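Computed from a predicted structure; not experimentally measured.
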Amino acid sequence: MPRHDSDVSTVDTASTVDAVNSDAAVEGLDRLDTPVAPSGRGLRRRRLARSVLAPIGAIVLIIAIWQSLWAAAFWPEYQLPAPLDVWRQILEVTESGEVWTLLWTSVHRAVIGFAIALVVATPLGLLLAKVPLVRAAIGPLISGLQSLPSVAWVPAAVLWFGLTDAAIYTVVLLGAVPSIANGLVAGIDHIPPILPRVGKVLGANKLQAARHILLPAALPGYLAGLKQGWAFSWRSLMAAELIATSPQLGVGLGQYLDNGKNLSDMSMVMAGIGLIFLVGVGIELAVFRPLERAVLRARGLSGAV
Amino acid sequence: MTMTVALDVSASDTATDAAVTLSGVQKVFGHGARAVTALDGVDLTVEPGEFVCLLGASGCGKTTVLNLIAGLDRPTGGDIALTTTRPAVMFQEAALMPWLTASGNVELPLRLAGVKKPARRERAAELLNLVRLGGVGDKRPHELSGGMRQRVALARALASTVDADEGAVSLLLMDEPFSALDAITRDVLQGELLRVWRATGPAVVFVTHDVREAVRLGQRVVLLSSRPGRVVREWNVNGLSGVEEARVIDDVNARLREVISSHAAA
């Protein structure tokens, strides 16, 4: 075997120079082998430009198409209002200050609902991931719930709780809890099995293993679950607000949308859709995206974001 | 089946002062007709400060032996006695926690043991210096090369032993720690391991399937047979070099081939 012979010579040379040159050899090898991070300023600027300019370009294009469809009178005015009309509508609610009431009513509900969902879903996810019996029993149920549109719960919630905040929170929870729990389960399932073993040989007891190894290792999956959970909270809330409308509940964005429909005011409806979209995207961009990016970048997984 | 496991000195009178004593250790995986006997009557003694290489072909249960000594698995029969309650263990993969810095990884076992922050900082810096990584404590695992990660893993393993009063490590278990590295890095790290071992003086049980590596590193090479694993032969290879070393390597290779060939006939 020729490979064998060359092996002999490497080892022999290395052992003779061992003591003298190993310092330099180790240092040189480290320098040669260390992964080089592409961290040029030009690259970062280009990436920033792409991530900001590309979406702006897309929005401009969509509005341009919208404007030309409207100008061509493709659909009647009450079905497709001018972009400018919708903008005026948004300006109007902003100037009258009504928009802040709308936003506050909806966003504080979504945040409270999401927070409750978080508190419920985290232990649930841990149980699902770590107790086989629990997973066998309710795992499929939770996954099924995730694909059930939460708007389907609105009639039931209204019959259970009447037109109250409790009904709305019920719908939000049923929408968000399965996503967050499943995210945590996926995060824990994807932990490389070597890490818990390492934890054991480093002397971690069960509680320490959960705190110092399982939870941080599952964090990327958990965060993805939280992100999806927020999207589901917001969606479910809008469904609930749109259907369960009552003066006692206050006017949120869903109710505003419903009012627009009742007034046959298409520009109001589109303004409502626009605001709902903005809040959803805004929270995602302001809270979840930076959080996710920080976590993934710290682990060298930032290629995708 | 009797199961007697003794993991500390007080529970066993067979361990007088050896770092590791295995007597008649048996390990069976599975039950009934499908049961596979991985180890059958393994006897092995490792003296304090001794460097022993466990050598064998695939399926000889050398990793099983290591897992049993490390306490990751329990023997089906026989006794295992250690002088330490928690040996330092290193795996084939560095398996560093990707969310911690190099220094954070070395500090992890100290944190688990409840060591206060300034003390563990100091100890981690000391250990990183020992493996010549003093300058990269703040780097994350993905910013390090494979060889550097494996040295961080070594520092972390050394930090995990608790029996150390003065930071001395009494037993280091290594499961093919260099087999995933390229040949050049492996060669350099073998030298580094010997240097660290001479500096810290633990007993080492080093599992490998590389005959040359075993003879270069070990003071004693122990050859295991496959399915079931038993100790076939031992060689004292302390301080060998040149012609003698080459002769032992040939001898070990010949015996290893005999062991493998016996499976073809069976």
Side-chain angles (χ1 to χ4, degrees), chain A residues 1 3-4 6-8 10-19 21-37 191-205 207-209 211-213 215-220 294-303, chain B residues 67 70-72 85-93 95-101 108-113 131-133 135-136 139-148 151 153 156-157 159-162 173 182-185 187-192 194-195 212-213 216 241-242 245-246 249:
Chain A
M1 282 188 283
R3 221 180 126 249
H4 228 91
S6 65
D7 252 6
V8 176
T10 356
V11 170
D12 279 349
T13 333
S15 45
T16 49
V17 294
D18 231 10
N21 273 348
S22 73
D23 242 337
V26 170
E27 202 177 305
L29 199 62
D30 284 352
R31 189 146 308 164
L32 286 172
D33 275 351
T34 305
V36 184
I191 298 176
I194 186 86
L195 294 187
R197 277 159 61 85
V198 167
K200 205 168 166 192
V201 300
L202 294 183
N205 60 34
L207 207 67
Q208 288 178 319
R211 155 82 184 78
H212 290 286
I213 290 146
L215 284 179
L219 191 59
V295 166
L296 293 185
R297 185 165 290 171
R299 292 162 199 232
L301 299 168
S302 60
Chain B
N67 285 345
L72 284 170
T85 48
R86 189 183 309 137
V89 186
M90 240 181 109
F91 299 99
Q92 185 177 341
E93 309 156 58
L96 301 178
M97 307 298 159
W99 58 92
L100 295 174
T101 60
L108 182 60
L110 302 168
R111 212 159 126 194
L112 295 172
V131 295
R132 294 200 234 249
L133 287 174
V136 303
K139 291 236 189 300
R140 306 267 175 177
H142 70 271
E143 298 171 300
L144 304 175
S145 72
M148 292 160 96
R151 272 142 64 206
R156 179 178 67 178
S160 72
T161 47
V162 282
L173 306 174
D182 67 85
I184 299 170
T185 309
D187 177 55
V188 170
L189 285 209
Q190 285 168 353
E192 282 297 287
L194 287 176
R195 186 182 58 78
R212 200 167 295 283
E213 181 175 65
R216 177 183 176 191
S241 62
E245 190 178 9
I249 288 173

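- Both the backbone and the side chain of B/Thr185 have a heavy atom closer than 4.5 Å to some heavy atom of chain A.
- Here B/Arg216 pairs with B/Asp187 in a salt bridge; the nearest charged N to carboxylate O distance falls below 4.0 Å.
- Looking at B/Leu173, there are no atoms closer than 4.5 Å to chain A (heavy atoms on both sides), in backbone or side chain.
- By the 4.5 Å heavy-atom criterion applied to side chains, A/Val198 and B/Arg156 are counted as neighbours.
- A salt bridge is defined here as a Lys NZ or Arg NE, NH1 or NH2 lying under 4.0 Å from an Asp or Glu carboxylate O, and B/Arg195 with B/Glu192 meets this definition.
- At least one donor-acceptor pair under 3.5 Å links the side chain of B/Arg140 to the backbone N or O of B/Trp99.
- Highest contact tally toward chain B, considering only A/Gly199, A/Ala209, A/Gly203, A/Pro192, is held by A/Gly203 [criterion: heavy-atom pairs under 4.5 Å].
- Proximity of A/Val201 to B/Ser160: side-chain heavy atoms (C-beta onward) are nowhere separated by under 4.5 Å.
- Both the backbone and the side chain of A/Ile213 have a heavy atom closer than 4.5 Å to some heavy atom of chain B.
- Only the side chain of A/Leu29 comes within less than 4.5 Å of a heavy atom of chain B; its backbone N, CA, C and O stay farther away.
- The part of B/Arg151 that comes within reach of chain A is its side chain, from C-beta onward, which places non-hydrogen atoms under 4.5 angstrom from that chain.
- Counting only heavy atoms from C-beta outward, the side chains of B/Val136 and B/Glu143 never approach each other to under 4.5 Å.
- Both the backbone and the side chain of B/Leu72 come within less than 4.5 Å of a heavy atom of chain A.
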